[in-house]
Amino acid sequence: MKRTEREIVLVLDFGSQYVQLLAQRVRENQTYCEIVPCDISVEELASRAPIGIILSGGPSSVNDSDAPKVDPRIFKLGVPVLGVCYGMQATCAALGATVERAERREYGPAESTLTSEGKECALFAGIGSPTRVWASHGDQVAALPPGFVVLASTPTCPNAAVQCSEANFYGVQFHPEVVHSVEGGKIIANFVGSICGSSRSWTPKNFVETAIASIRARVGEDRVVCGLSGGVDSTVVAALVSRAIGSRLTCIFVDNGMMRKNEIEDVENAFRDNFDFNLVVARAENRFLDALAGISDPQEKRKIIGKTFIDVFSEEAKKIDGAKFLAQGTIYPDVIESGGKKGGQAAVIKLHHNVGGLPDDLEFELIEPLRELFKSDVRRVGVELGLPEEFVWRHPFPGPGLAVRCLGEVTRERLASLRAADAIVVEEIKRAGLYRETSQAFAVLTPARSVGVMGDGRTYDSAVAVRCVSTTDFMTADWSRLPYDVLAVISSRIINEVPGVNRVVYDISSKPPATIEWE
């Protein structure tokens with residue numbers, strides 16, 4: 001994933017829930033991409049020298065007084081611009097079009113049919129007509145500006161895709177970035193490759209070479225400590241740093257008492273068998289659970305866990321002579337979901353313990369080589385590094401551990417029940433050969449209690465929710481359609497093997513509007 005000044009596509013964020021998908025789809029075409037605020041100045045855009053610009057969708061109407069605008073000077077930069085949904089409407093409005101509330105809104109699947117101009121346009125090369133696309137808009141471009149041509153239409157949207165050669169602009173009213181647009185990936189590939197002229201040189205091999213060289217140059221002869229969780233992000237970071245500086249890396253695994261079944265032993269054995277670096281396990285279960293006593297608010301739990309983690313980690317790191325740098329597995333979604341600087345419309349969804357929670361007087365310099373990678377990027381880097389499959393494809397596990405799957409107060413007794421239920425879910429998913437087909441599978445212990453009958457007696461016990469999702473990017477996700485017989489075995493085992501549980505439910509919520517984790 002070699003990055004040059006001429007090989008970057010910038011996505012201007014107008015507030016779309018799919019903005020991160022746009023960036024990821026560009027990256028899938030071996031082209032580096034970043035999300036920037038929609039109000040970035042044209043001068044700053046020019047200084048970044050992008051080979052292409054994408055204007056994202058957004059929740060506003062261009063006719064609102066406070067709606068974000070498109071600066072027409074963008075079209076003087078001499079690079080191709082793709083407007084998606086709101087991005088298309090805002091561009092057309094800026095260039096003289098009329099945008100009106102549609103007589104019939106489009107939300108969901110639609111059939112897009114190419115015009116004669118569309119069939120000749122590079123953006124739609126190899127695209128079928130009609131093709132299924134995903135729409136989500138109430139406004140439409142009613143009258144096009146001078147110099148625009150129509151490339152595609154749907155039954156309720158006559159200007160579903162447009163082009164203006166003079167402005168080097170292409171616009172689509174639908175969302176090619178979501179999987180529901182059947183050939184949307186081809187459309188983005190056409191824009192990045194044929195129209196922007198990307199050399200597609202941003203590859204895992206180049207990224208690994210560049211990252212290792214950068215780490216080696218920055219660290220010099222000093223030592224590095226790395227926060228290790230056993231997940232793919234921190235594992236890839238540890239592998240990169242280890243390749244760069246060898247035995248001068250020490251990894252610290254903090255046992256917060258909220259790990260999965262046999263997690264500590266599995267991590268210790270796996271890393272000592274596969275990696276050549278020092279591994280320290282900090283046993284701090286009592287410290288974490290004492291700090292969480294009586295706390296049930298999810299954000300407060302995350303804050304406490306984050307602070308305690310930093311305290312424990314810092315204490316252990318200070319014991320390592322000559323340690324100057326801290327390496328951690330922060331990735332792009334962590335930064336954005338925590339309200340980081342990338343993307344002008346980002347909102348704080350949940351706090352991440354390795355983003356924004358570091359003390360002002362941190363005694364280490366940060367090394368975050370994955371900070372601008374998505375999860376899928378990280379996995380590709382892991383494969384390039386030759387990491388074992390169980391590391392690369394392991395389901396994500398939240399930094400705060402089972403605490404955010406134990407709704408309400410976190411106690412040893414409730415954690416024990418949750419840990420047992422969670423192990424059953426994963427065991428049965430693996431036994432059914434569905435682990436790689438699901439992206440995340442786990443149990444949630446809810447505070448809800450309900451009446452049941454066991455051994456002819458009345459029970460009033462807890463309910464466990466089973467959550468299994470499928471996704472390619474973790475920005476959006478759908479619930480996994482597990483076979484009924486697999487769900488039946490999971491339910492039966494949890495109820496019979498986990499004390500204090502008499503009911504199992506299956507979560508069939510998608511993201512959005514839900515998140516993958518419950519807290």
Side-chain angles (χ1 to χ4, degrees), residues 9-29 33 35 38 52-62 68 70 80-92 99 102 104-114 118 121 123-124 127-141 150-163 169-192 195 333 336 343 345 374 376 470-478 510-513:
V9 172
L10 295 176
V11 176
L12 273 61
D13 176 16
F14 285 88
S16 171
Q17 61 181 320
Y18 303 130
V19 67
Q20 295 177 47
L21 285 181
L22 277 171
Q24 183 148 337
R25 297 294 176 256
V26 174
R27 292 176 180 208
E28 288 170 358
N29 287 278
C33 182
I35 301 169
C38 63
I53 296 171
I54 299 178
L55 311 177
S56 83
S60 301
S61 167
V62 297
V70 171
V81 180
L82 173 65
V84 175
C85 196
Y86 181 86
M88 167 183 158
Q89 295 172 2
T91 295
C92 290
V99 179
R104 182 179 175 185
R105 299 178 299 174
E106 276 190 330
Y107 290 104
E111 293 293 321
S112 173
T113 302
L114 294 176
C121 180
L123 186 67
F124 293 104
I127 304 298
S129 181
T131 186
R132 195 177 205 191
V133 298
W134 189 259
S136 179
H137 62 97
D139 290 349
Q140 289 183 6
V141 177
V150 179
L151 302 177
S153 62
T154 69
T156 61
C157 183
N159 300 319
V162 299
Q163 177 187 5
F169 174 76
Y170 303 80
V172 292
Q173 185 57 72
F174 51 87
H175 289 274
E177 68 272 29
V178 302
V179 295
H180 309 294
S181 290
V182 177
E183 298 181 281
K186 291 182 183 178
I187 294 173
I188 293 177
N190 287 339
F191 178 73
V192 173
I195 296 175
I336 295 172
Q345 307 298 314
F374 290 103
S376 57
S470 299
T471 179
T472 58
D473 46 62
F474 293 89
M475 295 298 98
T476 62
D478 198 7
S510 62
K511 176 187 179 180

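Every heavy atom of this structure was used, including side-chain atoms; hydrogens, water molecules and symmetry mates were not. All values derive from a computational prediction rather than experimental measurement.
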* From the options Asp13, Leu12, Leu22, select the one residue that forms a side chain to side chain contact (heavy atoms under 4.5 Å, CB included) with Ile35. =>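 Passing option: Asp13.
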Side chains of [X] and [Y] in contact at under 4.5 Å (non-hydrogen atoms):
| X | Y | answer |
| --- | --- | --- |
| Val179 | Arg25 | yes |
| Val84 | Ser56 | no |
| His175 | Cys85 | yes |

Output yes when a side-chain donor or acceptor of [X] lies under 3.5 Å from a complementary backbone atom of [Y], and no otherwise.
| X | Y | value |
| --- | --- | --- |
| Gln140 | Pro158 | no |
| Glu183 | Gly128 | yes |
| Ser129 | Leu114 | yes |

[X] side, atom [atom1]; [Y] side, atom [atom2] - distance, nearest 0.5 Å:
| X | Y | atom1 | atom2 | answer |
| --- | --- | --- | --- | --- |
| Asn29 | Phe191 | CG | CZ | 11.5 Å |
| Gln24 | Glu177 | CD | CD | 11.5 Å |
| Cys92 | Asn159 | SG | CG | 8.0 Å |
| Glu111 | Thr131 | CD | OG1 | 7.5 Å |
| Ser181 | Ile188 | OG | CD1 | 8.5 Å |
| Ile195 | Leu82 | CD1 | CG | 8.0 Å |

On a heavy-atom basis, which atom in [X] and which in [Y] lie closest, and how many Å separate them?
| X | Y | result |
| --- | --- | --- |
| Met88 | Gln173 | SD-N, 3.5 Å |
| Leu123 | Ile127 | O-CG1, 4.5 Å |
| Gln20 | Phe374 | O-CZ, 3.5 Å |
| Ser153 | Ala160 | CA-CB, 3.7 Å |
| Pro59 | Gly15 | CD-O, 3.5 Å |
| Cys33 | Arg27 | O-NH2, 2.9 Å |

* Asked: Mind checking whether Phe14 and Tyr86 have parallel, tilted or perpendicular rings, split at 30° and 60°?
  ->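 Ring orientation, 0 to 90° scale: tilted.
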* To do: Describe, in one word, how the ring planes of Phe124 and Phe174 are oriented to each other, choosing from parallel (under 30°), tilted (30 to 60°) and perpendicular (over 60°).
  =>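 Aromatic pair Phe124/Phe174 classed tilted.
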* Asked: Does the pair Leu55 and Thr91 meet the rule for a side-chain contact (heavy atoms from CB on, under 4.5 Å), with working shown?
  -> CA-CA 9 Å; Leu55 311 177; Thr91 295; 3.1 Å; yes
* To do: Check the pair Asp478 / Ser510 against side-chain contact (heavy atoms from CB on, under 4.5 Å), numbers first and verdict last.
  => CA-CA 5 Å; Asp478 198 7; Ser510 62; 3.9 Å; yes
